[in-house]
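Beneath this line is the structure, given in structure tokens, with notes to follow.
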Amino acid sequence: MEINMALFKKNKKNVAEEESVKKDDALRDDISKAYDDIMTNGLPNENEEKKESEKKPEPAGGVSFETEVFKSKIKQFREKKTQETLLDVIKMLPGREFLLPSVSNMKEPFEKADGKIKLKKGAAFNPALLTSKDNKVFLPIFTDEQSMKQKSPSGVILKFKFEQCVSIVYDEKNPVWAVVINPFTENMIIGDDLLKMVFKPKKKEN
């Protein structure tokens, strides 16, 4: 995948309709089965999942045991794409925090004032994006800094919950078609069709 870090620029509505049907064929059958299963059994309670993760010790390398388990679930799915392995990954996504490299609206977003480094007025950071050779745009999210491999373009790493990452994909002003988890290692792509099935877009309040 050719990497091109960029700000949100294009409007998804302007992309040809035919692009919406060019999804990952390997996931297509599992998506419909997974949706039925999830709607029947429900997703795990976020508080219960948090309590469970708090029981796990932090290894010397800085990557939590629970994160390693999550990455192993992705690896299992990559090796054997079935309804069961897909659900194992999906059920661990709600409430999970991810790291996102960022780009700034300023070349130098920080300044030194009174002997301290401060953020300049008006400076902002947006998640960096990946663009494939066929011009599809992905939102890269990472489980840990070790998986990032490259430095954040702005020098700032954002921390978002998965639901916040999903909202970026749902925003029609953004060109993002999918979330990609650990693109340089596990490289699991979750398209907007699956996201909308499992993580329903929230209705805007009047």
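Residue numbers start at 1 and run along the sequence shown. Being a predicted model, the structure only gives us computed values, none of them experimental.
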Between Glu66 and Arg96, does any side-chain N to carboxylate O distance fall below 4.0 Å? yes
To the closest 0.5 Å, what do you measure between CZ (Phe98) and CZ (Phe70)? 4.0 Å
For the residue pair Ser147 / Asp144, report whether a side-chain donor-acceptor contact shorter than 3.5 Å exists. yes
What are the two closest heavy atoms between Ile157 and Met148, and how far apart are they? CD1-SD, 3.9 Å
How about CD on Glu145, more than 12 heavy atoms from neighbouring residues, nucleotides or ligands closer than 6.0 Å, or not? no
Would Leu130 and Val180 count as a side chain to side chain contact (heavy atoms under 4.5 Å, CB included) if you check the C-alpha gap in whole Å, the side-chain angles of each, and the deciding distance to 0.1 Å? CA-CA 9 Å; Leu130 296 180; Val180 54; 4.3 Å; yes
What heavy-atom pair brings Pro127 and Val103 nearest, and what distance separates the two atoms? O-CG2, 4.3 Å
Donor-acceptor check, side chain of Lys159 to backbone of Leu100, threshold 3.5 angstrom: yes or no? no
Interatomic spacing from CE in Met92 to CD1 in Ile74 - rounded to 0.5 Å: 9.0 Å
Show the nearest heavy-atom pair for residues Pro109 and Leu119, with the distance to one decimal. O-CD1, 3.5 Å
Taking C-beta and beyond as the side chain, do Phe138 and Pro183 meet within less than 4.5 Å on heavy atoms? no
Side chain Ser102, main chain Phe125, donor-acceptor under 3.5 Å: no
Has the side chain of Asn182 got a donor or acceptor atom that lies under 3.5 Å from a matching backbone atom of Asn187? no
Rounding to 0.5 Å, atoms CG (Leu158) and OG (Ser152) come to a distance of 7.0 Å
Close side-chain approach of Val179 and Val169, heavy atoms under 4.5 Å: yes
Centroid-centroid under 6.0 Å between Tyr170 and Phe199 rings: no
Any non-hydrogen side-chain atom of Lys116 less than 4.5 Å from a side-chain atom of Lys112? no
Trace of the side chain to side chain contact (heavy atoms under 4.5 Å, CB included) decision for Leu99 with Ile141: CA-CA 6 Å; Leu99 304 179; Ile141 62 178; over 6 Å; no
Test item: Asn174 side-chain N/O and Ile168 main-chain N/O as donor-acceptor pair under 3.5 Å: yes
If you measure from NZ on Lys71 to CE on Met188, what distance do you get to the nearest 0.5 Å? 15.0 Å
Taking C-beta and beyond as the side chain, do Glu186 and Arg78 meet within less than 4.5 Å on heavy atoms? no
Please answer whether the main-chain N or O of Lys161 pairs with a side-chain N or O of Gln164 as donor and acceptor at a distance below 3.5 Å. yes
What heavy-atom pair brings Pro140 and Pro101 nearest, and what distance separates the two atoms? O-CD, 4.1 Å
Ignoring hydrogens, what is the shortest heavy-atom contact between Leu93 and Phe162? Give both atom names and the distance. O-CB, 3.4 Å
Only one of Thr85, Val89, Ile90 forms a side-chain contact (heavy atoms from CB on, under 4.5 Å) with Lys73, so which one is it? Val89
Ignoring hydrogens and geometry beyond distance, is a side-chain donor-acceptor pair present between Thr67 and Thr143 at under 3.5 Å? no
Starting at CG of Asp192, measure out to CE of Met197 and round the result to the nearest 0.5 Å. 10.5 Å
With Phe160 via ring-ring contact (aromatic ring centres under 6.0 Å, His included) - residues at least two apart: none
Determine the minimum heavy-atom distance between Asn135 and Thr131, stating which atoms define it. CA-CG2, 3.9 Å
Counting N and O atoms only, with roles assigned by atom type, does the side chain of Asp88 sit under 3.5 Å from a partner on the main chain of Gln83, one being a donor and the other an acceptor? no
Should we say atom NZ of Lys149 is surrounded by more than 12 heavy atoms from elsewhere, each under 6.0 Å from it? no
Can you classify the ring geometry of Phe142 versus Phe184 as parallel (below 30°), tilted (30 to 60°) or perpendicular (above 60°)? parallel
dist Gln76:CD -> Glu84:CD (nearest 0.5 Å) comes out at 9.0 Å
Dump the intermediate steps for side chain to side chain contact (heavy atoms under 4.5 Å, CB included) on Val156 and Ser104, then the final yes or no. CA-CA 9 Å; Val156 173; Ser104 176; over 6 Å; no
